[in-house]
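Atoms considered below: every heavy atom in the structure, side chains included; atoms not considered: hydrogens, waters and symmetry mates.
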Amino acid sequence: MSVTGITLEMCQEKLKMYLKAEEKVLLGQAYNIDGKEVTRADLGRIQSGIKLWEERCRKHGNPDDVGMTIENVRPGRH
């Protein structure tokens, strides 16, 4: 389990949900994910979710990944 409490299994389940949503939307059907109905107009958001959960699956599936990323660090500023 990572610092955030997210496991590889959780990432894989979310990715599966987003892939199902994408398929349903591409077939012209609405889909419910996390209590929100998504439609063809939301395809970009669904595909962003797929990228996000693919990346999280990759990180949590890699035992060499320490699971921590530091961004926007400016030297001399604390």
Using a 4.5 Å cut-off on heavy atoms from C-beta on, say whether the side chain of Lys20 contacts that of Tyr31. yes
For the hydrophobic clusters of this structure (ILVMFWY residues joined by side-chain heavy atoms under 4.5 Å, transitively), does one cluster hold both Trp53 and Leu8? no
With side chain to side chain contact (heavy atoms under 4.5 Å, CB included) as the test, pick out the partner of Ile50 among Met17, Glu55, Glu22. Glu22
Go through it in stages, so that I can follow the logic: the residues are Lys14 and Asp34, the test is side-chain contact (heavy atoms from CB on, under 4.5 Å), and I'd like the CA-CA distance, side-chain angles, deciding distance and then a yes or no. CA-CA 10 Å; Lys14 283 287 189 183; Asp34 288 337; 2.8 Å; yes
Does any N or O in the side chain of His60 come within less than 3.5 Å of the main-chain N or O of Ile6, such that one atom is a donor and the other an acceptor? yes
Any side-chain to backbone donor/acceptor pair from Asp42 onto Arg45? Under 3.5 Å, distance only. no
Between CZ on residue Arg58 and SG on residue Cys11, distance to nearest 0.5 Å: 11.0 Å
Distance from Leu19 atom CG to Glu54 atom CD, nearest 0.5 Å? 6.5 Å
So, for Met10 and Gly5, which heavy atoms are closest and what is the spacing to 0.1 Å? SD-O, 3.6 Å
Please assess Ile46 against Val38 for the test side-chain contact (heavy atoms from CB on, under 4.5 Å), listing each intermediate value before the final yes or no. CA-CA 8 Å; Ile46 293 168; Val38 291; 3.8 Å; yes
